[in-house]
> 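Have a look at this one.
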There are 2 protein chains.
Amino acid sequence: MVQKRELIKGNSDSLLLCLLAQQPMYGYQIIKELEKRSQGYFNFKEGTLYPALHRLEKAGLILGKWQMLSNGRPRRYYHITAKGRTKLSTERVQWQDFINAVNMILQPAEN
Amino acid sequence: MVQKRELIKGNSDSLLLCLLAQQPMYGYQIIKELEKRSQGYFNFKEGTLYPALHRLEKAGLILGKWQMLSNGRPRRYYHITAKGRTKLSTERVQWQDFINAVNMILQPAEN
DNA sequence: ATATAATACCTTGCTGTTCTATGTATAATT
DNA sequence: AATTATACATAGAACAGCAAGGTATTATAT
């Protein structure tokens, strides 16, 4: 399947917030989880994900907490905030509105 | 309704190709038509649309032809090419794949 | 008559998002 | 001993959309 990567632009925030609304996760885990849940469709790059998480944290939508594993390797677990949950529900609506609008153009399609 | 404008990125090509697959149109008309068909959702800026049309033409997906009106005002009508129609059908599939993938993340959502 | 809005094209520069590439470091596997 | 997987991070390039500006004609409103 050939993907159109640009489609993800502006949508990744919703995906991240949605995952973190279910449980706190760390960056590397999020990448794997998105890939798994989308049956291999999503393959977030680290250069995309980490800056995105930093943006979301800076915006107060998520909160990162360092957690040291027994083996001494640190992970940064991100938790969604109340503000983040509000944002998520807004973005869900916006996503649906967007799909509807696009389909109004693409659907009546006998061409 | 508050829109998330970035969502359109990577999707506008499909919308333009779809319109032009139905009939040749000129830039200004496309803007109005997209607004009308989406019930006011889409409001393409000229700074977005004209460069987009130029890109599509350069890629051989559409073909522009100047047409002089009786009043002397020129319009540039764009026609879809065979290559453009092929591209459109590919993009339709990609769009559906993308929706499906996003919904795999957002849908199982009781949060 | 005159000002404003609508039509119709265009470009430049800014911004934001993604990706590639690179860097660091440890643990597990081959 | 070498490679892969885990886990974080950033810098620079590419690209699309937008605001703002420009030109020019026609139609409408004042």
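Quick note: numbers below take in every heavy atom, side chains included, and nothing from hydrogens, waters or symmetry partners. Each chain gets a letter, A, B and so on, in the order its sequence line appears, and its residues count up from 1.
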> Would a single hydrophobic cluster contain both A:L63 and A:L16, if residues Ile, Leu, Val, Met, Phe, Trp and Tyr are joined by side-chain heavy-atom contacts under 4.5 Å?
no
> Specify the separation, in whole Å, of atom NZ of A:K65 and atom P of D:dC8.
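Those two atoms, NZ and P, are 16 Å apart.
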> Ignoring backbone atoms, test whether A:R55 places a side-chain nitrogen or oxygen under 4.0 Å from the OP1 or OP2 oxygen of C:dT17.
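The answer is yes; a side-chain N or O of A:R55 sits under 4.0 Å from OP1 or OP2.
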> Quick one: closest heavy-atom pair of B:I105 and A:S38, and the distance?
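Between these two residues, the closest heavy atoms are CD1-N, 4.2 Å.
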> What integer distance in Å separates B:K45:NZ from C:dT15:P?
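That distance rounds to 18 Å.
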> As a test of reading the structure: which of C:dA8, D:dA9, D:dC18 is closest to the side chain of B:E46, going by heavy atoms?
C:dA8
> What's the CZ-C1' distance between B:F44 and D:dA16, to the nearest Å?
11 Å
> Would you indicate which nucleotide in C:dA8, D:dA9, C:dG16 comes nearest to any side-chain atom of A:K9?
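Of all the options, the side chain of A:K9 is nearest to C:dG16.
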> Quickly work out the B:R76 CZ to D:dT25 P distance and round it to whole Å.
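Taking CZ of B:R76 and P of D:dT25, I get 20 Å after rounding.
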> Which one, C:dT11, D:dA16, D:dC8, comes nearest to the side chain of B:P51?
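Taking heavy atoms from C-beta onward, the closest nucleotide is C:dT11.
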> When the nearest nucleotide of DNA chain D is assigned to A:H54 and to A:R75 on a heavy-atom basis, which residue is associated with the more 5' position?
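First, find each residue's nearest nucleotide; the 5'-ward one identifies A:R75.
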> Between A:M68 (CE) and D:dC8 (P), how many Å, whole number?
12 Å
> When the distance from OH of A:Y78 to C1' of D:dA7 is rounded to whole Å, what number comes out?
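For the pair A:Y78 OH and D:dA7 C1', the rounded distance is 12 Å.
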> For the pair B:F42 and A:F98, name the ring-plane relationship: parallel under 30°, tilted 30 to 60°, perpendicular over 60°.
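Ring orientation of B:F42 relative to A:F98: perpendicular.
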> Can you measure from NZ (B:K9) to OG1 (B:T48) and round to the nearest 0.5 angstrom?
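If we round to the nearest 0.5 Å, B:K9:NZ and B:T48:OG1 are 9.5 Å apart.
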> Would you jot down, in residue-number order, the residues of residues 24-33 of chain B having a non-hydrogen atom under 4.0 Å from DNA chain D?
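The answer is none.
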> To the nearest angstrom, how far is A:E35 atom CD from D:dT6 atom P?
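Rounding to the nearest Å, CD of A:E35 and P of D:dT6 are 10 Å apart.
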> Does A:T48 have a side-chain nitrogen or oxygen under 4.0 Å from the phosphate oxygens OP1 or OP2 of C:dT17?
no
> Give me the atom names and distance for the closest heavy-atom approach of B:Y41 to A:Q94.
OH-O, 4.4 Å
> Looking at every heavy atom in both B:A59 and B:K83, which two are closest together, and how far apart are they?
O-NZ, 3.2 Å
> In this structure, how many angstroms lie between the C1' atom of D:dA24 and the CH2 atom of B:W66, rounded?
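In whole Å, D:dA24 C1' lies 12 Å from B:W66 CH2.
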> Between D:dA9, C:dC10, D:dG17, which one does the side chain of B:Y50 approach most closely?
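Between D:dA9, C:dC10, D:dG17, the one nearest the side chain of B:Y50 would be C:dC10.
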> Quick one: closest heavy-atom pair of A:E57 and A:Y78, and the distance?
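That closest heavy-atom pairing would be OE1-CE2, 3.7 Å.
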